[in-house]
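One structure below.
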Amino acid sequence: MPRIKVLPPDLRNKIAAGEVVERPSSVVKELIENSIDAGSRDIRIDLLYGGKRLIRVSDDGSGMDREDALLCFERHATSKLANEEDLFNITTLGFRGEALPSIASVSRVKLTTGLRGSASGVSLEIDGGELREVKDSPSAGTSVEIRDLFFNTPARKKFLKANSAELFHIIDTVTKEAISHPGIGFSLSSGGQETMVLPKASAPRERLMQIYGEEFLKGLAETDSENEDLSIKAFISQGENFRKSKAHQFIFVNGRPIKDSSLSHAVYKAFEGLLPVDKHPVFFLFLEVDPRKVDFNVHPTKREVRFEEKERVYTFVNRHIRETVKKGRAEYAGAFAEPVEIGADGFSSGPPSPVPHAPEGSFVSENTELGYSPSLPFLYLGDTFVATSGRGGLTLVDHHAAHERILYEKFLKRVAISGRHLLFPEQVRLTHKEYRVLIDQKDLLSEFGVEIDDFGHDTVIVRTVPDVMDAGDKRGILSDIAASIIEGVPDGRSLKETLAAKIACHSSVRGKNILNQEEFSRLLADLENTEHPDQCPHGRPTRIFYSLDDLKKMFKRK
Ligand code: ADP
Ligand code: MG
């Protein structure tokens, strides 16, 4: 007797529901996406009990005629694909034709719909996948009501969280859909209370403004770019606007919210060396890709995509975000990069600068009194911090951090890191673990000018160190480098970058070194030429700027 059976449609739908319908927010997502595909301008969502009792999504889209209304609950029934070719050129959010039958198999559904512009309409009720009632019901647009989700699959129901938690998931879902479709108005009510009201917006910026407010948006840089078949619009963290969590990171591809670790990585990479430990950038990426070059049919809920040219997309995003970050930095730095020219009277005679009106006894004249070169007055505060006047303000430099930044970038670009041969190669005994990781990474170390050889018995021979390295305590340095390899590489960094940061840290001027005028000028110029002059590779500031306005405020003159 055969043991294999083809499952009945009802059971197939329940199985599909297992993937597509995880919780109320999954229902909301599918229904909203159907409304969007139907060309709606306004979408309304009503909920009771976090969507567990009721989810109603009503739209003013194309609607369906009676025949389609009955068909749409059939498995694999869709108006969005006609043939195989379409599957590889998807321009709608849905295409699998399984959301409605899946949802209907695990809830009680009422669909009311009528073709746009027609006076008639139909309403039908389905309980756990079984059609109960069909009647005429004039309507414009479509409304889908889902009651008692999972009433017939108790195992699923048990996993639902508190109403408030389910509501949060739904708000997240609606937020994502609303951000990816600014031209559509969205409203959401929960338990009869209006929770979100988003009128149609003219552009992503306006939609973000509606959701997050003006302050939030001020902390973001907006940027666009395109080439023949790729385009990007992005809003990303500006200045020091980083967050403790990844909550504000969104990627949309062709109007579809997705998760993609490779694209996130491309963004993190662009902020490399700027992100303080445990901080995360804010980003909204809107990517448009030729639909023939991206496969959305990877995951039942279509949250993941596969790019035909993954690396090209990565590089495109990374390069673009990187340039934006860099430009933002340059504008920020530009304000104080140029030194103020000091006239004979000790006041600035430089180009547009508020300094000429500085009251007597301001820092500018103090510095000239101290007799520093007028082109670049500076003053050591303790042995690490240096104060200098720049255009229109006061800059405090941490010369150790600044030097680290410069060396770090040099190391990464591998310019001028020749190893300095030690007169007497030195044996250094390490712990076994340290010894193993250093020997493993021997080649990488030599790229940084640290040449070591295996001497056996947990001992290495150090032949060269980078010529900039202060190589007094070789054991300490090597074990520090080994520790950073063992600890692993922080998010978004490569081993090479981690090592570069570590070696830069050992090579930069230590607190005890006081720079002379020329060295200090060179340090500032070199710093200015780095990609990210404002932060050391560990994310600490290299310099802090106070404009005259800032100082006036501090002294309560403003
Ligand atoms: P898919 O969206 O993958 O096509 P669904 O099961 O979600 O599959 O929907 C089936 C079909 O029902 C859609 O292809 C569409 O033709 C129709 N439909 C669903 N929701 C709506 C709506 N809100 N307005 C108009 N048509 C709809
Ligand atoms: Mg759908």
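Every value quoted in this text rests on a predicted model; they were computed, and no experiment measured them. Just so you know, ligand 1 is whichever comes first in the structure, and atom 1 is the first atom listed for that ligand.
- Contacts between Asp59 and ligand 1, counted as non-hydrogen atom pairs separated by less than 4.0 Å, involve the side chain only.
- Aromatic ring pairs are classed by plane angle as parallel below 30°, tilted from 30° to 60° and perpendicular above 60°; the pair Phe284 and Phe250 is parallel.
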Practice task
Run the numbers on Asp10 and Lys14 for salt bridge (charged side-chain N to carboxylate O under 4.0 Å, His left out), then give the verdict.
Solution key: CA-CA 6 Å; Asp10 175 48; Lys14 280 213 176 96; 3.8 Å; yes
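- In terms of protein heavy-atom proximity, atom 12 (O) of ligand 1 is nearest to Cys72 CB, 3.3 Å.
- Using a 4.0 Å cut-off between charged nitrogen and carboxylate oxygen, Glu531 and Arg322 count as a salt-bridge pair.
- At a heavy-atom distance under 4.0 Å, atoms from both the backbone and the side chain of Thr78 approach ligand 1.
- If you look at Ala38 next to ligand 1, the close heavy atoms, those under 4.0 Å, all belong to the side chain.
- At the top of the distance list for atom 18 (N) of ligand 1, counting protein heavy atoms only, stands Met64 CE, 3.6 Å.
- Looking at atom 20 (N) of ligand 1, its nearest protein heavy atom turns out to be Asn34 CB, 3.2 Å.
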Exercise for the section: Take Arg319 and Glu323 through the test salt bridge (charged side-chain N to carboxylate O under 4.0 Å, His left out) and record every step on the way to the result. Expected result: CA-CA 6 Å; Arg319 183 171 309 145; Glu323 276 163 15; 5.2 Å; no
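- Using a cut-off of 2.8 Å, one finds that Asn34 contributes an N/O/S atom close to the Mg ion (ligand 2).
- Here the side chain of Glu288 pairs no donor or acceptor atom with the backbone of Ile232 at under 3.5 angstrom.
- Taking every heavy atom of Gly94 and a limit of under 4.0 angstrom, the matching atoms of ligand 1 come to 2 (O), 3 (O).
- In this structure, the side chain of Gln535 engages the main chain of Leu274 through a donor-acceptor pair within 3.5 Å.
- Atom 16 (O) of ligand 1 has Ser79 OG, 2.5 Å as its closest protein atom, hydrogens excluded (heavy atom only).
- Atom numbering of ligand 1 starts at 1 in the shown order; those under 4.0 Å from a heavy atom of Phe95 are 1 (P), 3 (O).
- No salt bridge links Lys52 with Asp148; every basic N to acidic carboxylate O contact stays at or beyond 4.0 Å.
- The protein non-hydrogen atom at the shortest distance from atom 8 (O) of ligand 1 is Gly97 CA, 3.1 Å.
- The proximity of Arg96 to ligand 1, defined as any non-hydrogen pair under 4.0 Å, is limited to the backbone.
- The backbone of Ala77, and not its side chain, has at least one atom closer than 4.0 Å to an atom of ligand 1 (non-hydrogen atoms only; backbone = N, CA, C, O).
- Near Pro101, meaning under 4.0 Å from any of its heavy atoms, are these atoms of ligand 1: 6 (O).
- Across Thr92, Asp86, Thr91, Asn34, a single residue satisfies side chain to side chain donor-acceptor pair (under 3.5 Å) together with Lys80, and that is Asn34.
- Ranking protein heavy atoms by distance to atom 6 (O) of ligand 1, first place goes to Leu100 N, 2.9 Å.
- At least one N or O atom of Lys80, backbone or side chain, sits closer than 3.5 Å to an N or O atom of ligand 1.
- Using the six-membered ring where Trp is involved, Phe252 and Phe286 have ring planes that are parallel, under 30° apart on the 30 and 60° scheme.
- Phe271 and His532 have their aromatic ring centers separated by at least 6.0 angstrom.
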